[in-house]
Structures are given as C-alpha cells and as structure tokens.
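First up is the structure itself, then whatever we jot down about it.
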Amino acid sequence: MNITLRQLKVFAAVARNLSFTRAAEELCLTQPAVSMQVKQLETQLEGSLFEQLGKKIYLTEAGEEVYQYSRLITQQLDELQTVLQNLRGVGHGRLRIAVASTANYFVPTLLGTFCRRFPDVTVSLDITNREELLRQLADNDVDMVIMGQPPAEMDLEASAIMENPLVIVAPPDHPLAGQQQIPLSRLEKETFLVREPGSGTRMAMERFFNEYNIRITTGMEVGSNEAIKQSVQAGLGLGLLSRDTVQMELELGRLVILDVQEFPILRHWYVVYRRGKRLSSVSESFKTFLLTEAAHLLGRQRSDVEFPPANTRQSRARRRA
Ligand code: PGA
C-alpha cells in the first residue's frame, strides 16, 4: 500500500463534510485537486470510498473504515508532535485553539499577554460557533477550546474561567430604556434578533425563555454578534447577547442594557479539551494562564463553578450505581 498522509487528510475532510466542495474550501484547494487526491487513494486501496445517491455523497463501508483509521493516524501524529514539542521545552511549540465567536471579544487580549511571555510559541486561532467547536473537539482538531457551558454528555475536561452574563440590549431611545425591573412577560411584545442555529448564545436564550414560558417574537436571524449589534442600533429589534460583546457600544452610548427581571442570564466561560487528551506543555501553560490570570487581566471575577454541574454528576453516579 502506497498511500500518503496528504491523501488521508484530504479524504478525511471530504468524509467529515460529506462534500467535495466544502472540503476544498476548508483545505484552500480546488475541487478537482480534492477529487484527484481521493481518486488516487481509491486506486491505492482498490475500492470506492464514497457513493453518490442523488445529489448527496455517502461513505461506503470501506470509506467508513478508512475514515476511522485516518482519524487515529492524525491523532497519533498530533501526539508525536506534542511529545517532540515537550522535549524542546515549554517555550516552544504550537497552540491550536478554537474559541466561540462571542469569546473573540476578550481572547485576543489574553493571547497578547501569553504570546509576549512565550514569543517562540505559534498560535493558531479559529473563531467559530458552539456547534463547530464541539465538532472540532470530537474530531480532535484542536488542543483546546474556549466556550460557554460544555455539554455534559461529551467526555470533556472543562474548567470555568470567569462569568459570562447574557444581557438584553436596545438602542438608547427604546421605550423600555431606563425603566426598572421590566417584567419578563413584557418582552412578549418585542421582536428579538437572534443568532444562527448552532450558536451557544442562541441556545441559552431559547432555554431561558422556555424555562420561564415566555413566547418571544423572533425577527431576523443574524449570523454574528457584530451584525446583531448593528441591527439593534438600527432599531430592528432587541438583542440578547453576552455582555462581553457590547462593552464598546455601552461606553459610546450606542446601546443600553435593559433592566429586565431575572436578567442577566448567568453563564460562564470554560476552557475545554477532550478527557484523556495528552496536553503539550504549551497547552498546559496556556490552560494555567487562563485559570490563574485571565479574570484578573480582564478586570473580572474568577468563576469557581464545577463541571460537570453537580446534578449531572449525581445522576451519572446514580446511573452507575
Ligand atoms: P456562540 O457561543 O458564539 O456560539 O454564541 C457563546 C456561548 O457558548 O456562550
């Protein structure tokens, strides 16, 4: 068998996306280049790895097997890189992190301090939404992620870094601006601009309103915090966002936080990685840095909540018993 790591990498991207086009975008290649690599791999392995039904492609049985092994091989190579990196010492190496789009408002500040301290560390930073972060954790594509509440059902190590309050924002001339203790039910008369499905902010918002039985009207679905803020300023509706995202607009008086009962929704930021993952010394240092210095550097309170939440731990223990 004369297959190459490159062929496996390209194949894995197509298998993960179940699309040649999306894999080509992800790898910054042309679609014919991607097809060619997969074809060559199929020739080497003497069998088809994908089958097409209608417009969709699916993995064949052999394709499923090759996909499993390609993930194991990538994992082993990553581990090898980690081991070699550790031999060189803490100040060297690569840190691959992905952060929730909402965390992007404070992570660069933290990275600035960390990178000044370790100038020989190369950082790769991906900014994406919650759903994609979970996918990256599942596929072992990153060393660690910074995200809101991690799902208890995934096998993850998570430690809280600091609080992440979610607030309702409005333009300063909104009729509710300046009112105190606005009842939750009053929100039913307003329109909310919402983040895209897969966003952690959106998930928290839906969970909260369901819990309190509040039926809100949703207006436009907007794919970024920035666009939500612009749309709220333009009077298109209210926004429910992490307070971290609106600091500047509050200071400039472009947005105000509404004083609504039961608000803010209290969430936390977590540093998260797969349980059992072998962390490089750079990743260990970054994790320690986040847990011991991040809140202080950002002028915030450290969170001491535990993960998984206590009730989940109990129910797991009960299930095990
Ligand atoms: P989001 O994540 O950027 O996907 O909304 C934030 C969060 O999980 O709180």
Side-chain angles (χ1 to χ4, degrees), residues 97-111 125-139 141-154 156-169 192-211 216 218-232 237-249 255 257 260 262-274 287 290-291 294-295 298 300-309 312:
I97 55 170
V99 307
S101 14
T102 303
N104 181 34
Y105 288 83
F106 61 84
V107 168
T109 307
L110 298 177
L111 279 177
L125 169 68
D126 188 24
I127 299 157
T128 184
N129 73 16
R130 174 187 176 86
E131 191 173 274
E132 175 60 16
L133 291 177
L134 294 178
R135 203 276 303 152
Q136 294 197 15
L137 280 172
D139 285 353
D141 281 351
V142 281
D143 295 323
M144 50 182 59
V145 310
I146 297 177
M147 65 183 299
Q149 182 69 43
E153 63 280 5
M154 264 175 89
L156 301 172
E157 293 278 359
S159 313
I161 308 172
M162 60 187 179
E163 288 185 349
N164 170 28
L166 303 190
V167 294
I168 296 184
V169 290
F192 277 81
L193 303 164
V194 291
R195 283 276 306 276
E196 76 286 2
S199 142
T201 310
R202 173 159 171 173
M203 189 192 78
M205 166 178 168
E206 288 175 348
R207 224 178 244 174
F208 176 85
F209 285 132
N210 269 342
E211 192 181 318
I216 55 155
T218 51
M220 232 167 32
E221 191 173 286
V222 191
S224 77
N225 293 309
E226 278 307 305
I228 292 211
K229 290 191 292 184
Q230 298 290 338
S231 310
V232 173
L238 298 179
L240 194 156
L241 296 171
S242 162
R243 200 180 186 293
D244 283 324
T245 65
V246 289
Q247 194 57 38
M248 194 172 77
E249 287 73 11
L255 290 175
I257 294 181
V260 180
E262 311 300 338
F263 271 84
I265 303 176
L266 267 194
R267 301 190 87 213
H268 302 267
W269 288 118
Y270 290 84
V271 51
V272 185
Y273 53 93
R274 279 168 62 141
K287 181 184 151 199
L290 289 175
L291 295 180
L298 298 166
R300 307 270 291 273
Q301 285 291 319
R302 229 185 90 37
S303 289
D304 50 9
V305 291
E306 288 186 35
F307 178 83
T312 320

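Worth knowing before you read on, the calculation uses all heavy atoms, side chains too, and leaves out hydrogens, waters and symmetry mates. Just so you know, ligand 1 is whichever comes first in the structure, and atom 1 is the first atom listed for that ligand.
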Original post:
Do S101 and R195 get their side chains close enough for a donor-acceptor pair, meaning under 3.5 Å?
Top reply: yes

Original post:
Taking only heavy atoms of N129, which atoms of ligand 1 are found under 4.0 Å from at least one of them?
Top reply: 4 (O)

Original post:
Under 3.5 Å, is there a donor-acceptor pair between the side chain of R130 and the main chain of Q149?
Top reply: yes

Subject >> Under 3.5 Å: donor-acceptor pair, side chain of N129, backbone of E132 >> reply: yes

**OP:** Kindly give the heavy-atom pair with the smallest separation between V232 and L238, and that separation in Å.
**Re:** CG2-C, 3.8 Å

Subject >> Enumerated ligand 1 atoms positioned under 4.0 Å from heavy atoms of G148 >> reply: 7 (C), 8 (O), 9 (O)

Subject >> Enumerated ligand 1 atoms positioned under 4.0 Å from heavy atoms of R195 >> reply: 1 (P), 3 (O), 4 (O), 5 (O)

Original post:
Would E226 and Q230 count as having a side-chain donor-acceptor pair, cut-off 3.5 Å?
Top reply: no

**OP:** Examine distances only and state if a side-chain atom of R274 and a backbone atom of A138 form a donor-acceptor pair shorter than 3.5 Å.
**Re:** yes

Original post:
How close does the nearest protein non-hydrogen atom get to atom 5 (O) of ligand 1, and which residue and atom is it?
Top reply: T201 OG1, 2.6 Å

Original post:
Which ligand 1 atoms does R130 reach within 4.0 Å, using its non-hydrogen atoms?
Top reply: 4 (O)

Original post:
Hey, is N164 touching ligand 1 through its side chain, its backbone, both or neither, going by heavy atoms under 4.0 Å?
Top reply: side chain

**OP:** Could you give me the CA-CA distance, side-chain angles and deciding distance for R300 and D244, then say whether salt bridge (charged side-chain N to carboxylate O under 4.0 Å, His left out) is met?
**Re:** CA-CA 11 Å; R300 307 270 291 273; D244 283 324; 2.6 Å; yes

**OP:** Going by heavy-atom distance to atom 7 (C) of ligand 1, choose the closest among M205, H268, R202, R267.
**Re:** R267

**OP:** Starting from atom 3 (O) of ligand 1, find the nearest protein heavy-atom neighbour and note its residue, name and distance.
**Re:** T102 OG1, 2.7 Å

**OP:** Identify, for atom 1 (P) of ligand 1, the protein heavy atom at the shortest distance, and state residue, atom and that distance.
**Re:** G200 N, 3.4 Å

